[in-house]
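Report on the following structure.
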Amino acid sequence: MAEVIPKLRVLKGAEPDLSAATYQIHDESHTIGNSLRWMLMKNPKVEFCGYSVPHPSENHIHLRIQMYDKLSSLDALLQALENLDNLCATVEDAYNTSLSSDAYERWSERS
Amino acid sequence: MASTSTLPQSAYNPRRHVGVHAERVSAVSSTEYPGHYPDEDHSWDLQKFSENLQVKVQRLSQRSIEFDLVGVDASIANAFRRIMIAEVPTIAIEHVYVWNNTSVIHDEVLAHRLGLVPLNADPALFDFRTPTGANAVPNDRNTLVFRLQVACERAPKGRGKEYLHDEVTSGDLVWVPQGEQAAVLGAAAAPAPTNKDIVLAKLRPGQEIDMELHAVKGVGKEHAKWSPVATASYRLHPLIVLNPARPVPAHRAAAFAACFSPGVVTLGADGALAIDARAMRADPVSREVLRHDEFAGCVELRRIRDWFLFAVEAEGPYPPERLLPAAVAVMRRKLAAIRAAAQALLADADAADADVEMGGA
């Protein structure tokens with residue numbers, strides 16, 4: 001039984017050079033699916049990108065990436081992951097700056 | 001329109017607007033992708049993003065926070081919202097061992113109620129329980145133990161009340177330190193429910209409850225008892241734009257103003273109507289004004305697509321201002337896990353290519 005499910009795998013039917021491929025990402029949902037889709041679509045070399053949750057009781061998502069110019073979709077995916085990480089760091093910095101230096105309303109709330 | 005100037009000019013860029021009409025919405029999705037507009041580059045640019053990004057805390061109490069997140073796509077804002085609800089870990093009671101329960105409330109119902117009690121224990125100090133490995137069995141790094149022992153009896157005469165311990169509350173949970181927990185956790189506030197006054201069961205003389213409770217680390221997607229928030233939601237910033245070519249007649253100004261939240265429509269110095277940007281923030285964009293034919297064309301209702309007004313209520317170990325950073329940290333951990341898997345895939349693909357070349361040689 002206890003077969004280890006890979007976090008990421010390429011589904012069959014992908015181009016051998018991975019210029020068009022569908023990835024299955026285990027244990028992820030719309031949270032990562034939609035953000036990754038958006039970041040991949042920000043890449044001008046991406047022809048098409050879409051994600052789906054194939055079945056609500058299967059704990060994975062599918063991410064389809066098609067590239068222009070026979071480029072590798074895996075490289076685009078890695079780039080998008082790094083860009084999203086930079087985005088997260090930027091948002092956190094901006095939030096912490098606002099929290100520590102902005103003048104905002106403080107109020108007391110009874111539980 | 002004197003007082004509208006409190007919103008930055010960029011907020012009036014029509015490309016950022018979602019249209020709100022009587023029976024439909026328009027321009028809901030962002031179109032800022034490469035290739036959509038000729039001669040415009042919309043590819044990802046961290047520099048441009050961080051210049052554009054605005055995060056501003058608006059209100060903070062000891063239980064809730066409101067902040068603005070401006071300049072991100074809905075998928076990003078939604079990711080943070082979803083993570084705050086479902087994937088930021090907390091500690092909650094998961095296993096209940098009932099030694100004795102003679103109260104009227106059933107074991108399983110009481111166990112469920114106990115699970116929902118928010119605890120103040122810092123989840124960063126705990127490991128997740130796993131089906132296999134070192135954390136498959138309870139130990140002092142993955143389990144908090146509480147004892148609940150309450151017996152109801154008649155109060156002695158003249159005490160002003162009839163019963164003693166007739167209400168079992170969350171304050172009756174007694175923490176039983178295990179292993180090194182007394183040294184590590186006891187130094188700060190001892191693990192306990194965040195609210196001591198939650199009534200868990202009611203007893204009558206002769207009834208008693210005696211249970212051992214094991215609290216473990218988990219996330220809200222498994223069960224809502226592990227969610228660190230009561231609510232985490234956002235809405236888009238409302239925008240009400242008056243049409244200067246079609247002003248509202250002065251004698252109908254009061255009826256027009258009544259279509260919006262109080263204070264949204266104000267009378268400018270020149271006698272013309274204006275929109276107060278501060279009050280507009282809170283307007284529910286009810287579309288009431290669109291029901292009146294006499295105001296047709298006087299005003300347009302919109303929302304700003306990338307201006308998110310977050311409202312988060314904390315209910316658990318996290319102070320409200322730490323919830324977004326916790327969500328960002330979870331998001332970055334997820335990205336790192338996928339990145340590691342993608343790099344492994346890339347290494348596999350390269351190795352396979354090398355094999356093929358060697359086979360051909």
Side-chain angles (χ1 to χ4, degrees), chain A residues 2 6-10 17-18 23 25-47 63 72 74-75 77-100 102-111, chain B residues 30 32-35 41-46 49-50 53-69 72-76 78-80 82-83 86-87 131-132 194-195 221 313 315 321 324-325 328-329 331-332 334-346 349:
Chain A
K7 182 75 185 172
L8 184 71
R9 69 188 186 93
V10 182
D17 59 359
L18 290 182
Y23 295 87
I25 310 176
H26 178 66
D27 198 18
E28 294 299 348
S29 61
H30 297 279
T31 306
I32 282 293
N34 201 12
S35 326
L36 257 184
R37 178 203 60 95
W38 175 75
M39 187 53 92
L40 277 155
M41 284 173 72
K42 280 291 206 182
N43 182 342
K45 293 295 182 193
V46 171
E47 182 190 34
L63 183 71
S72 164
L74 193 51
D75 290 341
L77 177 61
L78 278 163
Q79 186 61 51
L81 287 165
E82 191 188 329
N83 291 345
L84 265 186
D85 194 58
N86 292 336
L87 180 151
C88 286
T90 311
V91 170
E92 189 176 9
D93 283 353
Y95 174 83
N96 284 332
T97 308
S98 172
L99 193 65
S100 59
D102 278 356
Y104 46 87
E105 182 189 346
R106 282 173 172 276
W107 59 296
S108 179
E109 195 173 2
R110 304 304 313 154
S111 43
Chain B
S30 166
E32 304 207 314
Y33 295 109
D41 176 28
H42 286 290
S43 57
W44 172 250
D45 183 341
L46 183 61
F49 171 78
S50 65
L53 177 74
Q54 272 181 43
V55 188
K56 199 166 177 338
V57 179
Q58 298 286 346
R59 290 179 93 210
L60 175 66
S61 80
Q62 67 274 46
R63 283 168 53 79
S64 67
I65 187 168
E66 289 168 35
F67 61 90
D68 290 12
L69 183 60
V72 302
D73 189 69
S75 60
I76 305 298
N78 195 37
F80 293 146
R82 283 173 64 96
I83 292 175
E87 298 190 59
T132 54
T194 53
N195 186 331
K221 66 180 173 183
E313 294 174 27
E315 191 60 80
E321 69 273 20
L324 184 74
V328 172
M331 177 93 170
R332 296 184 71 178
K334 291 159 84 75
L335 292 170
I338 302 170
R339 181 130 63 125
Q343 266 154 356
L345 213 58
L346 191 64

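Quick note: numbers below take in every heavy atom, side chains included, and nothing from hydrogens, waters or symmetry partners. In what follows, chains carry the letters A, B, and so on, assigned in the order in which the sequence lines appear, proteins first and then strands, with residues in each chain numbered from 1.
- Annotation for B/S50 and A/T90: closest pair CB-CG2, 3.4 Å, computed over non-hydrogen atoms.
- The contact between B/S64 and chain A is made by backbone and side chain atoms together, counting heavy-atom distances below 4.5 Å.
- Using a 30° and 60° split on the angle between ring planes, B/F49 and B/W44 fall in the tilted class, from 30° to 60°.
- Across all their heavy atoms, A/P6 and A/H26 have their closest contact at O-CB, 3.4 Å.
- In terms of heavy atoms, A/W38 sits closest to B/S75 at CB-OG, 3.4 Å.
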Q) How far apart are the C-alpha atoms of A/Q79 and A/D75, what are their side-chain angles, what is the distance that settles it, and do they pass the side-chain hydrogen bond (donor to acceptor under 3.5 Å, both in side chains) test? A) CA-CA 6 Å; A/Q79 186 61 51; A/D75 290 341; over 6 Å; no

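- Looking at B/L53, only its side chain comes within 4.5 Å of chain A, counting heavy atoms on both sides.
- In this structure, the portions of B/E32 lying under 4.5 Å from any heavy atom of chain A include both its backbone and its side chain.
- Under the 4.5 Å side-chain criterion, counting only non-hydrogen atoms from C-beta, A/L74 is in contact with A/Y23.
- When heavy atoms are compared at a cutoff of 4.5 Å, B/Q58 approaches chain A solely by way of its backbone atoms N, CA, C and O.
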- From CA spacing to verdict: side-chain contact (heavy atoms from CB on, under 4.5 Å), B/V55, A/T97: CA-CA 9 Å; B/V55 188; A/T97 308; over 6 Å; no

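- Only the side chain of A/I32 comes within contact range of chain B, with heavy atoms under 4.5 Å apart.
- Once rounded to the nearest 0.5 Å, the distance linking CG of B/L69 with CD of B/Q54 reads 10.0 Å.
- Between chain B and the options A/R106, A/K42, A/E28, A/H30, heavy-atom pairs under 4.5 Å are most frequent for A/K42.
- Highest contact tally toward chain B, considering only A/L36, A/D27, A/L87, is held by A/L87 [criterion: heavy-atom pairs under 4.5 Å].
- In this structure, the portions of B/L345 lying under 4.5 Å from any heavy atom of chain A include both its backbone and its side chain.
- Taking the side chain as every heavy atom from C-beta outward, A/S29 and B/R82 approach each other to under 4.5 Å.
- In terms of heavy-atom pairs under 4.5 Å with chain A, the best-connected choice from B/L60, B/I76, B/I65 is B/L60.
- Among the candidates A/N86, A/L84, A/N83, the residue making the largest number of heavy-atom pairs closer than 4.5 Å to chain B is A/N83.
- Comparing A/N34, A/N96, A/V10 by how many heavy-atom pairs each has under 4.5 Å with chain B, the most go to A/N34.
- Proximity to chain B involves both the backbone and the side chain of A/A89, based on heavy atoms less than 4.5 angstrom apart.
- Interface residue A/R37: only side-chain heavy atoms are found under 4.5 Å from chain B.
- Heavy atoms of B/E87 lying under 4.5 Å from chain A belong exclusively to its side chain.
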